[in-house]
Amino acid sequence: TPKMKISRKDQPLYIKTYAGFTLLEFLIYISLVGTILLVAGAVTVNILHGKAKLIAISEVNQNGRFVIERMTQGIRNAVAINKPTPGTSASKLSLQMADSSKNPTIFELANDVLRIKQGPGAPVTLTTSKVSVTDLQFLNVSYPNTPGIIKLQMTLKAYNPQARKEYKFERTFYSSASVRKNVSPR
């Protein structure tokens, strides 16, 4: 049988085209997309936890500043300190006020809530429900024949019923105030 010679000119040229990915390419793409999604998810979770932590810190700090300012104002406007007596400390502060409708003014801790009671009126809550007061101490450091000086220490804790770590925050506040002499009733 005779053999035919086919020249290259007569041969059709085929270009190979692929309609999809190879298995290796597919696995590489899946692993890259998975890694990117994992990193994005971790960043999102960290941002949300950070926001929750900042909210807890802000709530504790705002309550602490407000309560310290309110107690300091009460001490400065008092005529005398009823309790604690000089040289002692207590978790309750009783002040003698010039205004009889506010006499005595009492700062006290009840069920992890700081309250103020002025005269015969009902106690008023000073802290919000988003914090709890875990420690409250008033130390009377007055010298004899002085109007009176109180050092106060208060620990506030963010309300965290589910014990989640992002809401865990506690801070101790310190302050001192002295009774002003010759306070006139307002």
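Note that the structure is a prediction, hence the values are computed from the model and not measured.
Contacts of Y159 classified as ring-ring contact (aromatic ring centres under 6.0 Å, His included), with partners at least two apart in sequence or in another chain: none.
Here F138 contributes atom CZ and L95 contributes atom CG; the two are 8.5 Å apart, rounded to the nearest 0.5 Å. Rounding to the nearest 0.5 Å gives a distance of 9.5 Å between CD of Q153 and OG of S89.
Within 6.0 Å of atom NZ in K130, 12 or fewer heavy atoms from other residues, nucleotides or ligands are found, so the atom counts as exposed in its surroundings.
Judged by distance alone, the side chain of N77 and the main-chain N or O of Q73 form a donor-acceptor pair under 3.5 Å. With E25 contributing its side chain and T22 its backbone, the two residues share a donor-acceptor pair below 3.5 Å. Proximity of a side-chain donor or acceptor of N111 to a complementary backbone N or O of V113 within less than 3.5 Å is not detected. Not one N or O on the side chain of K53 forms a donor-acceptor pair closer than 3.5 Å with the backbone of I55. The backbone N or O of P84 lies less than 3.5 Å from no partner atom in the side chain of T88, so there is not a single donor-acceptor pair. For S58 (side chain) and L54 (main-chain N/O), no donor-acceptor pair under 3.5 Å exists by modelled atom type.
The shortest side-chain heavy-atom distance between M71 and M154 falls under the 4.5 Å cut-off. When side chains are defined from C-beta on, V124 does not count as touching K117, because their heavy atoms never get closer than 4.5 Å. Considering only heavy atoms from C-beta on, V60 stays 4.5 Å or farther from E170 through its side chain. Residues V79 and M97 fail the side-chain proximity criterion, which asks for heavy atoms closer than 4.5 Å. Put simply, the side chain of K102 reaches to within 4.5 Å of the side chain of T105, judged on heavy atoms. Considering only heavy atoms from C-beta on, S91 stays 4.5 Å or farther from L109 through its side chain. Looking at L139 and I150, their side chains never come closer than 4.5 Å, going by heavy atoms from C-beta outward.
Pairs of residues two or more places apart, or lying in two chains, never qualify as ring-ring contact (aromatic ring centres under 6.0 Å, His included) while including a residue from residues 100-131.
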Assess the residue pair R76 and V179 against the criterion (side chain to side chain contact (heavy atoms under 4.5 Å, CB included)); give the C-alpha distance rounded to whole Å, side-chain angles, the decisive distance to 0.1 Å, and a yes or no. CA-CA 4 Å; R76 288 181 181 155; V179 175; over 6 Å; no
Apply side chain to side chain contact (heavy atoms under 4.5 Å, CB included) to residues I81 and L93 and explain how you reach the verdict. CA-CA 8 Å; I81 300 167; L93 175 65; 4.2 Å; yes
Pair S101-Q118, side chain to side chain donor-acceptor pair (under 3.5 Å): steps then yes or no: CA-CA 7 Å; S101 67; Q118 294 180 310; over 6 Å; no
Check step by step if side chain to side chain contact (heavy atoms under 4.5 Å, CB included) holds for Y174 and L152. CA-CA 6 Å; Y174 301 92; L152 50 109; over 6 Å; no
Check against side chain to side chain contact (heavy atoms under 4.5 Å, CB included), T134 and K157: CA-CA 7 Å; T134 58; K157 185 177 181 181; 4.0 Å; yes
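Using modelled atom types and a 3.5 Å distance limit, the side chains of N63 and T127 yield no donor-acceptor pair. Side chains of T172 and T155: a donor-acceptor N/O pair is present below 3.5 angstrom, by distance only. Side-chain N/O atoms of N82 and S94 include a donor and acceptor closer than 3.5 Å.
Closest non-hydrogen pair, A158 versus A56, comes out as CB-CB, 3.8 Å. Shortest non-hydrogen contact noted between T72 and A177 is CG2-CB, 3.7 Å.
When hydrophobic clusters are built by joining Ile, Leu, Val, Met, Phe, Trp and Tyr residues whose side-chain heavy atoms come closer than 4.5 Å, directly or via intermediates, I149 is not grouped with F173. Residue L136 is grouped with residue L126 when hydrophobic side chains (ILVMFWY) are merged at heavy-atom distances under 4.5 angstrom, including chains of intermediate members. Tracing side-chain contacts under 4.5 Å through hydrophobic residues (I, L, V, M, F, W, Y), one reaches F66 starting from V131; they form part of the same cluster. L24 and V33 are not part of a single hydrophobic cluster, where members link through side-chain heavy atoms under 4.5 Å apart.
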